[in-house]
Amino acid sequence: MTSSLEWIGLAIAFTQASIALVIGLLAWRQNSTKMEIQWVFKVQEWGMECINVLSEADHLCLMDHRESDYQIRKHKVLFRLSALIDRGRLLFNNVEKEEYGRSKHPAYRGFRPKILDPLVAYYTSMEELEVHQDSPIVVRARLIKWRRYFVSVLQDEAGPEWLDVMKRQTRNPGGGAGINIDAYTEAPEEAPQSS
């Protein structure tokens with residue numbers, strides 16, 4: 001009879017352990033999903049702030065650079081763009097870190113993700129706005145294309161279909177840029193498509 005009780009005890013212990021394991025896995029999965037959702041919200045928050053600064057820069061192109069508050073507004077835009085670029089580096093990983101830029105600080109090794117390209121394009125264009133060889137209207141038109149590119153990449157990464165992004169487990173929107181962006185660089189015609 002004790003043998004039968006021992007088997008029942010083992011069966012109960014095994015059942016309890018199995019239930020605990022299932023509950024633990026469900027809790028882990030729920031926590032993982034919660035973290036993914038939080039990441040998407042952080043990306044959306046950062047992206048909306050980027051869109052605001054890019055729009056402000058667009059309109060700054062229309063200002064006369066001799067106006068009294070022009071330089072102050074320009075420097076505020078440059079400051080915010082620089083900060084948003086670095087904050088974006090916290091959200092999106094560079095690629096090819098082992099092959100490129102080994103002498104740089106870890107956050108700057110490799111190629112930046114394409115989602116940061118528009119911010120870099122805006123920064124370089126705004127730096128040279130008064131001395132730019134193109135008219136401010138032409139610069140603004142080029143920047144608006146960069147903003148549209150940015151919104152497209154952002155939407156692909158954390159837009160309405162973010163659940164699909166979570167399923168793909170991507171943290172590398174479009175891969176590394178691999179291009180040098182100066183004040184005259186045109187935005188790509190289309191945003192990269194996710195695989």
Side-chain angles (χ1 to χ4, degrees), residues 31-32 34-58 60-61 71-132 139 142-159 162 165-166 168-188 190-195:
N31 189 45
S32 177
K34 183 179 176 182
M35 290 176 63
E36 292 285 338
I37 291 169
Q38 289 173 345
W39 182 85
V40 168
F41 285 143
K42 288 287 184 193
V43 170
Q44 288 176 343
E45 180 183 310
W46 170 81
M48 286 186 266
E49 188 174 344
C50 290
I51 291 168
N52 288 342
V53 173
L54 300 180
S55 181
E56 188 176 339
D58 292 344
L60 195 59
C61 291
Q71 287 297 327
I72 293 170
R73 289 181 66 186
K74 176 185 170 186
H75 288 293
K76 284 182 180 179
V77 166
L78 288 170
F79 167 80
R80 290 172 62 201
L81 282 168
S82 177
L84 288 167
I85 290 167
D86 283 342
R87 285 176 52 199
R89 290 180 189 279
L90 297 175
L91 295 169
F92 304 100
N93 291 324
N94 288 356
V95 296
E96 299 183 31
K97 293 179 187 181
E98 287 74 35
E99 294 84 28
Y100 179 75
R102 288 184 183 188
S103 62
K104 297 180 180 182
H105 290 282
Y108 300 90
R109 292 179 187 154
F111 296 109
R112 72 180 163 267
K114 287 187 178 187
I115 198 165
L116 298 181
D117 285 353
L119 303 177
V120 172
Y122 267 79
Y123 187 90
T124 58
S125 290
M126 296 309 296
E127 264 188 326
E128 298 185 20
L129 191 57
E130 299 86 45
V131 297
H132 208 287
V139 172
R142 182 170 36 251
L143 291 179
I144 288 172
K145 288 179 184 177
W146 274 112
R147 181 163 40 108
R148 289 176 180 162
Y149 176 82
F150 174 79
V151 171
S152 296
V153 174
L154 179 65
Q155 185 180 49
D156 185 51
E157 186 61 25
W162 61 271
V165 174
M166 285 177 34
R168 290 194 316 269
Q169 295 293 312
T170 180
R171 293 295 169 263
N172 188 12
I179 58 171
N180 184 30
I181 296 175
D182 63 21
Y184 305 96
T185 305
E186 293 287 339
E190 293 181 16
Q193 299 298 313
S194 296
S195 50

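What you see below is based on every heavy atom in this structure, not just the backbone, and it leaves out hydrogens, waters and symmetry mates.
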Aromatic contact between Phe41 and Trp46, with the criterion being ring centroids under 6.0 Å apart: yes or no?
no
Which of Val151, Leu54, Asp117 passes side chain to side chain contact (heavy atoms under 4.5 Å, CB included) with Trp146? Answer is Asp117
[X] versus [Y]: any side-chain heavy-atom pair under 4.5 Å?
X	Y	value
Asn94	Phe111	no
Tyr122	Arg147	yes
Leu154	Ile51	yes
Arg89	Pro113	no

Does any N or O in the side chain of Ser82 come within less than 3.5 Å of the main-chain N or O of Leu78, such that one atom is a donor and the other an acceptor?
no
Sidechain-backbone polar pair: Thr124 side chain, Ala121 backbone, donor-acceptor under 3.5 Å
yes
Rounded at 0.5 Å granularity, tell me how far [atom1] in [X] sits from [atom2] in [Y].
X	Y	atom1	atom2	answer
Phe92	Lys114	CZ	NZ	14.5 Å
Glu45	Leu91	CD	CG	9.5 Å
His75	Arg80	NE2	CZ	15.0 Å
Ile85	Ile115	CD1	CD1	12.5 Å
Leu119	Arg112	CG	CZ	9.5 Å
Cys61	Leu143	SG	CG	5.0 Å

Among Glu56, Glu128, Glu130, exactly one meets salt bridge (Lys or Arg N to Asp or Glu O under 4.0 Å) together with Lys74. Which residue is that?
Glu130
Looking only at heavy atoms, which two atoms of Gly88 and Leu116 are closest? And how far apart?
CA-CD2, 3.9 Å
Closest heavy-atom pair and its distance - Cys50, Leu84:
CA-CD1, 3.8 Å
Please determine if Glu49 and Arg87 form a salt bridge, counting it only when a charged side-chain N lies under 4.0 Å from a carboxylate O.
yes
Does atom NZ of Lys145 have more than 12 heavy-atom neighbours, drawn from other residues, nucleotides or ligands, at distances under 6.0 Å?
no
